[in-house]
Amino acid sequence: MRPDEAVIDEAAQWMALLQSGEASAGERAAFEAWRAADPRHQRIIEQMGGGLNLLRNPTLRGLPRNSLLHSLNAPSSRRRFLSGSLSVLGIAVLAGLLGRRYGWLPEAGELATGTGERRDFTLEDGSALSLNARTRVVTQFDAVQRLLALRTGELLVDVAKDPARPFVVETEHGRMRALGTKFLVQQNDDFTRLVMLHSQVEVVTAGGARQVVEAGESLRFNAQDILALERSNGQESAWVQGRLEVRDRPLSEVIDGLRPYRRGILHLSPEVADLRLSGLYPLDDSDRTLQLLERSLPIRVTWHNPYWVSIDARL
Amino acid sequence: MGDVQNPHYRMIGQMFQKDYRWLCAAVGRTLGCPHSAQDIASETFLRVLALPDPTAIREPRALLTTIARRLVYEGWRRQDLERAYLDSLALAPEPVHPSPEERALVIEALLAVDRLLNGLSAKAKAAFLYHQLDGLTYSEIGERLGVSTSRVQQYMVEAFKRCYQAMQA
């Protein structure tokens, strides 16, 4: 059943009102009543909010606004076509347009999780793999090696022993090579973090820097360099149990840990990003985690709507 | 390349064996360039693999054609956006020279937003992005665009409807 136009229009009206920042308490209560009145309402609001995720892209945010708007207003070549048929395409136009952006069938080994979803897998060699929310990996196992390409997100792997085939986890920043061991890998925009739980792994960055990491150690590296080798604090893998555990860490790190569990926008004001905190927080109920944070820190959490939450200093 | 987790791959594998050459030929006939036809056909199957429930496919060839056509349009649009982006760099007061990697990331990001906001007026796009990316209030946006605050609110309504449609597609 497709929701009809009127309901979508209502939902959009509510979103626009709530995001104006000028909705009164009465209007917010009216919105809650509307949302609760029909499960379709909630679904439509969720899907509308889902589009906002796209706008979190840092590349996009970094673009000068003039450049962004100018580009989006480019006239469409599509008008040059008669609609609806492949047969009117020119000859040379497609060469190189799409490029070979993806490998071909290797992507068939893809394993992925969505927002708020954690999953456990047993790989074909018997290794146990856990994926945190919003994670994508591609497995490429052959006679020579067992390769796991982490495209985005965070994984924990307990590697089955196979002396003949090393187990390699690859991120855009480098490769981690093991024979049989247990470790955690987190791919961030600017660096990869490796936390060793058992045994040892050899890291080679894309630029060729090498480092052996032992159990109980944690390594941060980017494509060029080894950034830091530290004692692991033992809490990095708490997400496997659905918890976020921190000891004396900045608020920004806790919020980043919550992001894969929330749709929509979670805005953290820079003036509170560096507040330090310790605690144990539920990942699967991130609304409650935000409430807990608000209670224990000098911050104010404003719920413009379920998909637009901002965290500022409490005045 | 065994994947033990997803039984859909077997089904799509059969579809691939049966229809890949057909699709290459169909696209190639109209493009005249077998090389890019293969790229498009390959990408088409990747998109089919990413569908949530491939077992629901009833008319494989109709689906393949639809996706292939969408990819062709997307290729065109990518080129439009890239050209406009390079123009905007040339117009900037301080010349900027992004690396090929940076450029590719920008084009991907532009394509995604373009798909999300496609069909909105220039002002509605601007209003929505000023609000979502820069946190400007509706009245600040109104001043910037030379329209009333209530008009800005209407732009936001249009944009949210468009977001919903884009997420359905």
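Throughout, a chain's letter reflects where its sequence line sits, starting with A, and its residues are numbered from 1.
- The two residues B/M156 and A/A16 come nearest to each other via the heavy atoms CB-CB, 3.8 Å.
- The choice from A/L72, A/L60, A/L54 that makes the most heavy-atom pairs within less than 4.5 Å of chain B is A/L72.
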Worked verdict on B/V113 versus A/N57 for side-chain contact (heavy atoms from CB on, under 4.5 Å): CA-CA 10 Å; B/V113 181; A/N57 181 327; over 6 Å; no
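- Here B/A122 is the residue among B/A122, B/A159, B/G135, B/S139 with the most heavy-atom pairs under 4.5 Å with chain A.
- The line from CD of A/Q13 to CD of B/Q154 is 8.5 Å long, rounded to the nearest 0.5 Å.
- The shortest distance between side-chain heavy atoms of A/L52 and B/F160 falls below 4.5 Å.
- Considering all non-hydrogen atoms of both residues, B/A84 and A/S71 come closest at CB-CA, 3.7 Å.
- Residue contact with chain B, scored on non-hydrogen atoms closer than 4.5 Å, involves the backbone and the side chain of A/D9 alike.
- In this structure, the portions of A/L55 lying under 4.5 Å from any heavy atom of chain B include both its backbone and its side chain.
- The CD atom of B/Q165 lies 11.5 Å from the CD atom of A/Q47; values are rounded to the nearest 0.5 Å.
- Considering every non-hydrogen atom in both A/G50 and B/M167, the closest pair reads C-CE, 3.6 Å.
- For A/R259, the CZ atom counts as densely surrounded, since its 6.0 Å shell holds more than 12 non-hydrogen atoms of other residues, nucleotides or ligands.
- Atoms CG and NZ, on A/L69 and B/K125 in that order, are 9.0 Å from each other to the nearest 0.5 Å.
- With chain A as partner, the option from B/S121, B/A109, B/A112 having the largest number of non-hydrogen pairs under 4.5 angstrom is B/A109.
- The candidate from B/T66, B/T137, B/L81 with the greatest count of non-hydrogen atom pairs under 4.5 Å with chain A is B/L81.
- A distance of 10.0 Å separates CG in B/D114 from CG in A/L68, rounded to the nearest 0.5 Å.
- Judged by distance alone, the side chain of B/H131 and the main-chain N or O of A/Q19 form a donor-acceptor pair under 3.5 Å.
- Between atom CG of residue A/N66 and atom CG of residue B/L89 there is a gap of 11.5 Å, rounded to the nearest 0.5 Å.
- Contact detail for A/S20 and B/Q153: the closest heavy-atom pair is CB-OE1, 4.4 Å.
- How far CG of B/L129 is from CZ of A/R65: 7.5 Å, rounded to the nearest 0.5 Å.
- Residue contact with chain A, scored on non-hydrogen atoms closer than 4.5 Å, involves the side chain of B/F128 exclusively.
- The part of B/Y138 that comes within reach of chain A is its side chain, from C-beta onward, which places non-hydrogen atoms under 4.5 angstrom from that chain.
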